[in-house]
Amino acid sequence: MIKLVHCADIHLDSAFASENAQKASVRRKELRETFKRMISEAKKFGADIVLIAGDLFDGKNTSKDTTDLIVSLFASFPECKFVISPGNHDFYTPDSVWSKIAFSENVFVFKSEELEKLTFENVGEDSEKVNIYGYAFTSQNMEKSPIRDFKVGESDKNDINILCAHADIFSRTSNYCPMTADEIVESGFDYGALGHVHTDGKIVREKDTWYGYSGSLEGQSFHDCGERGAFFVTLDKKEGKTVCECEFLPLAKRVYICEDIDLSGSVSHEDIFEKVRAFAAKHTYDERTLLRLTLVGDISPSVNLPTQTINAAFSEVFLLEIKDNTLPIFDCDALENDLTVKGAFFRELLPALGSEDERERAVASKALKYGLAALSGGEVIDFE
């Protein structure tokens, strides 16, 4: 039996562009702390191998503090082997960060777009032979799957065979190493540790192969909602039969959450406040939370959204982002017969307001909302 940790998409030194400069700096520090926490958990687990399936670093602008930390962490766990497949963000080139770091002897980085094999003897409590296959992105794009038409050799079939890969198994036309699940399964791997997709980690079994994405170690933006972490895996192989147990361990310091608040029918600030307060009472958010609230529904055009009230209701969260997707309720009969410039403006938008295209109707409704507010000397706050 061997023990693995499967992680990917750490993106150390990420810009965290969705946050302000101060919070982005905090998040970069927290990301390093999360990686340290993962290594600490790997030690407790007694991991034999840590698989990093791409994008350990966010790009070329990697700080010395970060690389020094990584080198130190890997060296602090000499009994564990660290195997890294550079991805599209931290792709390998002769002048990349990979060629400038002096790693300890227990660190192995794939350097070619061609599939390579690492073989480790006497791994785990049963002294297993383990073959790890992988490759590196050598530019931002990779058009071909390195495992296409590959089969584990007959002489290796009784060994534990693992794929560590940064790839896209959901799009055959992807620029980021398009690979199919059938390729992984038919190649004869026991476990496929994938990176690139940040969504919730999931490992599936097909035939005698377990494979899947670990998801990002820490969310990078509101595209990465929910808990984030790594898989802690035990693999055993007896007489050619593989047994795998995978446990997902949440490790992220913060969690991105996206929610909608329906403000339909609101005609006053008090109505909106009541709906916001009722929503907040049903949900528990804390300092771990980065929250995006999308306000939806049809409301009176005379109501300006009370931003201070909304912010106060969620004051405990680390970051609050508000998106206003509400649409105005108008007295269309009155506007259509209005002889002022307001009526003319409404009539000009009328075809789009009645369009069969939902997006066109929404854009026209927003235009009407903003236009009438401007013509009335009012102000509409745009959160986007």
Side-chain angles (χ1 to χ4, degrees), residues 4 6-11 14 51-60 83-94 96-98 108-118 131-153 156 161-217 219-221 223-226 228 230-231 233 242 244 246 248:
L4 309 172
H6 166 197
C7 66
D9 300 293
I10 295 93
H11 290 276
S14 169
L51 303 167
I52 302 177
D55 291 352
L56 173 61
F57 305 114
D58 191 59
K60 291 183 177 180
V83 178
I84 306 169
S85 294
N88 59 296
H89 276 261
D90 59 358
F91 54 90
Y92 184 92
T93 64
S96 66
V97 64
W98 299 112
F108 305 85
V109 181
F110 291 111
K111 300 178 181 179
S112 170
E113 285 193 356
E114 299 299 321
L115 192 67
E116 299 178 282
K117 179 175 79 170
L118 296 170
N131 302 311
I132 301 180
Y133 298 82
Y135 54 85
F137 273 66
T138 57
S139 67
Q140 288 183 327
N141 295 333
M142 191 172 181
E143 309 296 336
K144 182 181 176 182
S145 166
I147 70 167
R148 191 173 299 165
D149 302 321
F150 170 79
K151 299 283 186 183
V152 170
D156 294 331
N161 296 287
I162 297 169
L163 173 67
C164 182
H166 201 75
D168 187 344
I169 66 170
F170 298 115
S171 172
R172 291 179 180 269
T173 59
S174 173
N175 291 324
Y176 306 110
C177 191
M179 182 182 292
T180 68
D182 285 344
E183 286 175 348
I184 297 171
V185 174
E186 298 305 322
S187 293
F189 297 117
D190 299 297
Y191 188 89
L194 303 180
H196 181 63
V197 175
H198 288 206
T199 50
D200 296 343
K202 183 179 181 182
I203 303 299
V204 299
R205 178 186 180 182
E206 289 189 36
K207 298 182 179 178
D208 284 329
T209 299
W210 283 258
Y211 70 91
Y213 291 96
S214 63
S216 54
L217 188 64
Q220 305 290 307
S221 70
H223 295 294
D224 295 353
C225 289
R228 292 289 177 266
F231 278 105
V233 181
T242 307
C244 179
C246 305
F248 179 79

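Since this is a predicted model, take the numbers as computed values, not measurements.
- Without hydrogens or angle criteria, S85 side chain to G54 main chain gives no donor-acceptor distance under 3.5 Å.
- Aromatic rings of F248 and F231 (six-membered ring for Trp) have centroids within the 6.0 Å cut-off, being under it.
- With sequence neighbours left out, D55 forms a salt bridge (charged side-chain N to carboxylate O under 4.0 Å, His left out) with no residue at all.
- Two residues are said to be in side-chain contact when any heavy atoms from C-beta on lie closer than 4.5 Å; Y211 and I203 fail this criterion.
- For S216, the side chain to side chain donor-acceptor pair (under 3.5 Å) test picks out R228, with sequence neighbours left out.
- Taken to the nearest 0.5 Å, the CG atom of L51 stands 10.5 Å off from the CG atom of L194.
- Side chain of T209 to main chain of F189: a donor-acceptor pair is present (N/O by atom type, distance under 3.5 Å, no hydrogens or angles).
- Between the side chains of N88 and H166, at least one donor N or O sits under 3.5 Å from an acceptor N or O.
- Taken from CD in E114 to OG1 in T138, the straight-line distance is 9.5 Å, to the nearest 0.5 Å.
- Among residues two or more places apart in sequence or in another chain, the salt bridge (charged side-chain N to carboxylate O under 4.0 Å, His left out) test is passed with E186 by K207.
- Contact between P86 and V109 at its shortest, heavy atoms only, is CG-CG1, 3.8 Å.
- A distance-only check finds a donor-acceptor pair linking the side chain of D224 to the backbone of Q220 [under 3.5 Å].
- By the side chain to side chain donor-acceptor pair (under 3.5 Å) test, T242 is found to be paired with D190, residues two or more places apart in sequence or in another chain being considered.
- Every residue meeting the side-chain contact (heavy atoms from CB on, under 4.5 Å) condition with C244, not counting sequence neighbours, appears here in chain and number order: Y191, W210, V233, L235, C246.
- The distance from the CG atom of L217 to the CG atom of L56 is 10.0 Å, given to the nearest 0.5 Å.
- A search for salt bridge (charged side-chain N to carboxylate O under 4.0 Å, His left out) contacts involving K117 returns D156, not counting sequence neighbours.
- Scanning for salt bridge (charged side-chain N to carboxylate O under 4.0 Å, His left out) contacts around E113 gives an empty result, with sequence neighbours left out.
- Partners of N141 by side chain to side chain donor-acceptor pair (under 3.5 Å), not counting sequence neighbours: none found.
- Checked against ring pair (Phe, Tyr, Trp, His ring centres under 6.0 Å), F91 has no partners two or more places apart in sequence or in another chain.
- Within the model, atoms CD1 of I84 and CZ of F57 stand 7.0 Å from one another, a figure rounded to the nearest 0.5 Å.
- Panel note: side chain S214, backbone A8; a donor-acceptor pair is recorded below 3.5 Å.
- By the 4.5 Å heavy-atom criterion applied to side chains, F110 and L118 are counted as neighbours.
- For N131, the side chain to side chain donor-acceptor pair (under 3.5 Å) test picks out T119, D159, N161, with sequence neighbours left out.
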For residues 167-179, which side-chain N or O atoms pair as donor and acceptor with protein atoms under 3.5 Å away, sequence neighbours left out?
from, atom 1, to, atom 2, distance (Å)
D168, OD1, F170, N, 2.9
D168, OD1, S171, N, 3.4
D168, OD2, S174, OG, 3.1
S171, OG, T173, N, 3.3
S171, OG, T173, OG1, 3.4
S171, OG, S174, N, 3.3
S174, OG, Y176, N, 2.9

Stepwise, does the side chain to side chain contact (heavy atoms under 4.5 Å, CB included) test hold for E206 with I184? CA-CA 10 Å; E206 289 189 36; I184 297 171; over 6 Å; no
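- For H11, the ring pair (Phe, Tyr, Trp, His ring centres under 6.0 Å) criterion is met by H89, H198, not counting sequence neighbours.
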Test side chain to side chain contact (heavy atoms under 4.5 Å, CB included) on S187 and K151 and set out the steps. CA-CA 4 Å; S187 293; K151 299 283 186 183; 5.6 Å; no
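- The line from CG of D58 to CG of D90 is 9.0 Å long, rounded to the nearest 0.5 Å.
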